[in-house]
Amino acid sequence: MAERITADESASGEVIPQAFYDRDVALVARQLLGKLLVRRSRDGICIGRIVETEAYLASGDSASHSFRGRTKKNAAMFGPPGLAYVYPIHARYCMNAVTQQRGCASAVLIRALEPMVGIEIMRKRRGIDKLLDLCRGPARLCEALAVDRNLDGWNMTCSTRLWIAHDSSRRRQRFHITNSARIGVSSAQEAQLRFFIDGSPFVSGLKRLHRTTPRTKR
DNA sequence: CTACCGATTGACT
DNA sequence: GTCAATCGGTAGA
């Protein structure tokens with residue numbers, strides 16, 4: 001059994017350390033693209049390649065949950081970099097990676113994954129078969145990986161239950177990053193803080209947001 | 001206690 | 001394209 005888990009994990013490389021998260025949130029959001037989100041539970045191990053993220057800034061960002069200060073709900077966001085911040089919305093869950101503290105808290109929302117390992121487990125949890133829809137959307141990927149309030153505040157810099165790892169597989173390919181406005185936020189729509197792997201069919205969002213909106217035509 | 005709302009999703013025209 | 005279900009967190013009576 002132990003050997004089988006090790007074989008699955010060979011797809012993923014080293015656990016991403018705290019120093020990676022302890023940097024500017026927009027930089028971390030870009031650099032998390034292509035990394036592997038790993039979830040180990042009783043059901044087995046599930047791994048998805050991160051293809052879409054959003055940055056929520058530590059200051060002046062009215063769309064960020066930290067904007068109005070610390071509460072019981074967003075406490076994890078004010079913890080050290082590398083924690084998971086999991087919050088409920090519309091009767092579902094979404095997950096973030098906590099990043100650098102700059103007077104206030106910042107975090108990266110994981111918006112979509114390309115399923116890699118444990119796909120049958122994800123199918124069972126989601127109750128659907130279609131590979132493209134298993135992890136396309138922040139609440140969908142949390143359902144697929146069984147991420148809920150129990151993992152709010154979880155330390156993702158150790159390889160237990162939930163962490164992010166470098167992709168050390170030989171199949172790893174280069175990609176281009178595109179950005180756009182963040183999805184679903186009513187304020188700060190001018191900020192281009194959504195990042196995704198260009199051309200990935202596993203990216204969520206409206207068609208008009210699949211391309212960067214030009215700031216000025218010139 | 002009640003009322004309102006949201007970093008969403010899935011069903012429907 | 002549109003729209004309502006869903007429910008924990010939060011604010012206010």
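Quantities reported herein were computed from a predicted structural model and do not represent experimental measurements. First the proteins, then the strands, lettered A, B, ... as listed; each starts at 1.
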| Rounded to whole angstrom units, what separation is found between the CG atom of A/Asn150 and the P atom of C/dG8? | 13 Å
| remark: note: A/Arg182, atom CZ; B/dA7, atom C1'; distance rounded to Å ~ 8 Å
| remark: Among the nucleotides C/dT10, C/dG8, B/dA7, whichever has the atom closest to the side chain of A/Lys72 is C/dT10
| request: Identify whether any heavy atom of A/Ala63 sits under 4.0 Å from a base atom; if not, whether one sits that close to sugar-phosphate; answer base, sugar-phosphate or nothing. | output: base
| note | Ranking C/dT10, C/dG8, B/dT9 by distance to the side chain of A/Thr71, first place goes to C/dT10
| field | hydrophobic_cluster_shared for A/Ile89 and A/Met95, side chain cutoff 4.5 Å | value | no
| said: Determine whether a donor-acceptor pair (N or O, by modelled atom type, separation under 3.5 Å) exists between the side chain of A/Arg39 and the backbone of A/Ala146. | reply: yes
| task | Return the value, rounded to whole Å, for the distance between atom OH of A/Tyr93 and atom P of C/dG9. | result | 7 Å
| query | Hey, mind stepping through A/Arg126 and A/Glu143 against salt bridge (Lys or Arg N to Asp or Glu O under 4.0 Å) and telling me if it holds? | reply | CA-CA 6 Å; A/Arg126 293 270 295 117; A/Glu143 185 175 37; 2.8 Å; yes
| query | Are A/Phe195 and A/Ile50 co-members of a hydrophobic cluster defined by side-chain heavy atoms under 4.5 Å apart? | reply | yes
| Between C1' of B/dT9 and CG of A/Leu141, the distance in whole Å | 13 Å
| query | Between A/Asp43 and A/Lys124, is there a side-chain N and carboxylate O pair less than 4.0 Å apart? | reply | no
| query | Atom CG of A/Leu193 to atom P of B/dA7: distance rounded to whole Å? | reply | 15 Å
| task | Output the residues of residues 81-92 of chain A in contact with DNA chain B, where contact means a heavy atom of the residue under 4.0 Å from an atom of the strand; sort by number or write none. | result | A/Tyr87, A/Ile89, A/His90, A/Arg92
| query | Can a side chain N or O of A/Arg68 be found less than 4.0 Å away from OP1 or OP2 on C/dT10? | reply | no
| request: Nearest whole angstrom, please: distance from the C1' of B/dG10 to the CZ of A/Arg136. | output: 12 Å
| said: Both A/Arg126 and A/Ala107 contact DNA chain B. Which one's nearest nucleotide lies toward the 5' end? | reply: A/Ala107
| C1' atoms of C/dA4 and B/dC4, separation to the nearest Å | 16 Å
| In terms of hydrophobic clusters joined by side-chain contacts under 4.5 Å, are A/Leu162 and A/Val86 together? | yes
| d(CG, A/Asn74; P, C/dG8) in whole Å | 18 Å
